[in-house]
Amino acid sequence: MTATAPAAEATVRKSSPGAARGPRRRTGRLRRAGLPYLLLLPALLLELLVHLVPMVIGIVMSFKELTQFYIRDWSTAPWAGLDNYTVSVDFDAPVGKALLHSFLVTVAFTVLSVGLCWLIGTAAAVFMQDTFRGRGLLRALFLVPYALPVYAAVITWVFMFQHDNGLVNHVLHDQLGLTGKPSFWLIGDNSFVALLTVSVWKGWPFAFLIVMAGLQNIPHELYEAAALDGAGMVQQFRRITLPSLRPVNQVLVLVLFLWTFNDFNTPYVLFGKSAPEAADLISVHIYQASFVTWNFGTGSAMSVLLLLFLLVVTGVHLALTSRGRRTAQ
């Protein structure tokens with residue numbers, strides 16, 4: 001009996017190899033399932049360090065009375081509670097009134113810029129759908145403003161907007177005679193037009209690229225059937241192109257809105273640290289409140305309010321677009 005027991009156990013182990021392979025298979029599955037998360041771990045850590053940690057620090061700073069006297073060790077700044085937010089939204093006081101003006105200017109600038117970028121980009125994308133000689137070269141030229149570095153492009157526009165020897169005044173005043181005298185484009189009320197021009201110039205190629213990609217997914221048979229039914233170009237655009245591009249346009253408009261509303265590089269390079277009142281975008285305004293007046297607590301509170309506003313706009317946009325998709329289905 002004693003001699004036959006080990007032999008019986010060995011026979012059982014040989015007859016059931018799955019019992020030994022079971023734990024190994026489960027371990028292999030766990031390793032394969034955890035490998036993607038392990039590969040994503042460095043990116044998640046960098047995301048925490050680059051974005052989330054500064055965001056949390058900025059929120060904490062908005063509740064502190066942080067000025068230049070505490071900049072060496074901001075954690076020792078006295079606690080201000082909601083005072084910074086109260087000052088920012090008090091529209092009867094100078095700080096709140098200036099912030100409200102900057103917000104309204106930014107809203108007007110964003111609406112005009114996004115609308116013009118979408119309109120020009122869509123028109124160019126529809127035009128480029130037809131086959132003609134030189135279409136590839138023209139597509140590449142359309143994407144040049146988007147491909148250029150922001151600083152190089154905006155600095156070029158700064159030279160073009162110069163009062164005495166700028167190209168814009170040379171064309172409008174000297175050659176075409178549209179203005180009675182050379183205009184100041186980087187100061188005064190014309191600064192809004194200059195900022196809008198640069199923003200649309202460098203933003204519409206992105207809309208052109210996205211809409212052109214969306215047009216590739218529309219079957220050409222729809223246009224052929226519409227043409228046989230007697231539909232013209234305008235009717236085809238209204239009944240086929242726009243409805244088919246609705247999902248693309250929903251994402252495109254949201255991305256353009258967020259980019260334009262948060263744009264800091266364009267006004268900063270165009271006007272410097274102190275933007276004119278007509279082009280006082282909220283991004284530059286917050287920068288001035290933080291790094292020019294050295295009131296980092298108030299500037300952080302303005303940044304948090306801007307973040308909350310953009311989150312609300314994004315949430316409303318996503319809710320409306322999802323409701324529209326459910327209704328269409």
Side-chain angles (χ1 to χ4, degrees), residues 36 106-150 153 157 193 195-263 266 309-329:
T106 307
V107 170
F109 164 74
T110 303
V111 171
L112 291 175
S113 178
V114 172
L116 290 174
C117 286
W118 178 85
L119 183 63
I120 298 174
T122 302
V126 173
F127 171 73
M128 296 297 291
Q129 289 301 108
D130 296 332
T131 303
F132 56 89
R133 181 176 297 179
R135 184 178 65 168
L137 177 61
L138 196 57
R139 282 180 176 178
L141 292 176
F142 281 173
L143 296 176
V144 168
Y146 181 69
L148 283 176
V150 176
W157 277 101
V193 179
L195 179 62
L196 182 63
T197 302
V198 177
S199 177
V200 173
W201 176 81
K202 72 181 186 65
W204 78 265
F206 177 75
F208 161 72
L209 185 64
I210 299 302
V211 174
M212 186 173 60
L215 289 174
Q216 306 301 319
N217 296 323
I218 302 177
H220 189 68
E221 291 78 8
L222 295 178
Y223 294 100
E224 294 178 352
L228 291 176
D229 291 338
M233 293 183 59
V234 177
Q235 291 180 333
Q236 292 179 17
F237 182 76
R238 289 181 54 191
R239 304 296 183 182
I240 299 176
T241 305
L242 284 181
S244 301
L245 289 177
R246 184 175 300 167
V248 175
N249 285 329
Q250 289 173 352
V251 178
L252 174 62
V253 170
L254 179 61
V255 171
L256 286 176
F257 177 85
L258 295 177
W259 282 359
T260 307
F261 208 95
N262 280 320
D263 190 12
T266 302
F309 171 76
L310 294 178
L311 288 177
V312 170
V313 171
T314 304
V316 172
H317 180 271
L318 294 178
L320 293 177
T321 54
S322 62
R323 181 182 301 177
R325 286 194 296 267
R326 289 195 298 267
T327 303
Q329 292 175 355

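Note that the numbering runs from 1 along the sequence shown for the chain. This structure is a prediction, so every number in the text was calculated from the model and none was measured.
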- Task: Find out whether F206 and C117 are in side-chain contact, i.e. whether some heavy atom of one side chain is under 4.5 Å from a heavy atom of the other.
- Result: no

- Can V107 and F261 be said to form a side chain to side chain contact (heavy atoms under 4.5 Å, CB included), step by step? CA-CA 7 Å; V107 170; F261 208 95; 3.9 Å; yes

- CG of L116 to OG of S199: how many Å apart, nearest 0.5 Å? 9.0 Å

- Message: Checking the side chain of H317 only, and the main-chain atoms of Q250 only, is there a donor and an acceptor separated by less than 3.5 Å?
- Response: yes

- For the pair F257 and F309, name the ring-plane relationship: parallel under 30°, tilted 30 to 60°, perpendicular over 60°. tilted

- Task: Quickly, which of L252, L258, V253, V251 forms a side-chain contact (heavy atoms from CB on, under 4.5 Å) with V255? Name it, please.
- Result: V251

- Message: Are T266 and K202 packed together at the side-chain level, in the sense that at least one heavy-atom pair is separated by less than 4.5 angstrom?
- Response: yes

- Query: How about D263 and T260: does a side-chain donor come under 3.5 Å of a side-chain acceptor?
  - Reply: no

- What are the two closest heavy atoms between Q236 and A226, and how far apart are they? CG-CB, 4.0 Å

- Query: Run the side chain to side chain contact (heavy atoms under 4.5 Å, CB included) check on V211 and N249 step by step: do they pass?
  - Reply: CA-CA 8 Å; V211 174; N249 285 329; 4.1 Å; yes

- Message: I want to check something: taking the side chain as every heavy atom from C-beta on, are L254 and W259 in contact at a cut-off of under 4.5 Å?
- Response: no

- Query: In this structure, are over 12 heavy atoms from other groups packed under 6.0 Å from R135 atom CZ?
  - Reply: yes

- Assess the pair W201 and W157: is the distance between their ring centroids shorter than 6.0 Å? yes

- Query: What closest approach, in Å, do W204 and A124 show between heavy atoms, and which atom pair accounts for it?
  - Reply: CZ3-CB, 3.8 Å

- Query: If every non-hydrogen atom of W118 is compared with every non-hydrogen atom of A207, which pair is closest and at what distance?
  - Reply: CA-CB, 4.3 Å

- Task: Check the pair T122, F237 against side chain to side chain contact (heavy atoms under 4.5 Å, CB included), reporting the backbone distance first and the verdict last.
- Result: CA-CA 11 Å; T122 302; F237 182 76; 4.1 Å; yes

- Query: For the residue pair N217 and P219, what are the closest heavy atoms and their distance?
  - Reply: O-CD, 3.4 Å

- Note on the structure: Interatomic distance, OG1@T241 vs CE@M233, rounded to 0.5 Å, equals 9.0 Å

- Message: Is the shortest side-chain heavy-atom distance between F208 and L143 below 4.5 Å?
- Response: yes

- Task: Supply the atom-to-atom distance T110 OG1 to L256 CG, rounded to the nearest 0.5 angstrom.
- Result: 10.5 Å

- Note on the structure: Rounding to 0.5 Å, atoms CZ (R139) and CE (M212) come to a distance of 5.0 Å

- Message: For a 4.5 angstrom cut-off between non-hydrogen side-chain atoms, does F109 reach L195?
- Response: yes

- Taken to the nearest 0.5 Å, the spacing of L215 CG from L245 CG works out to 5.0 Å

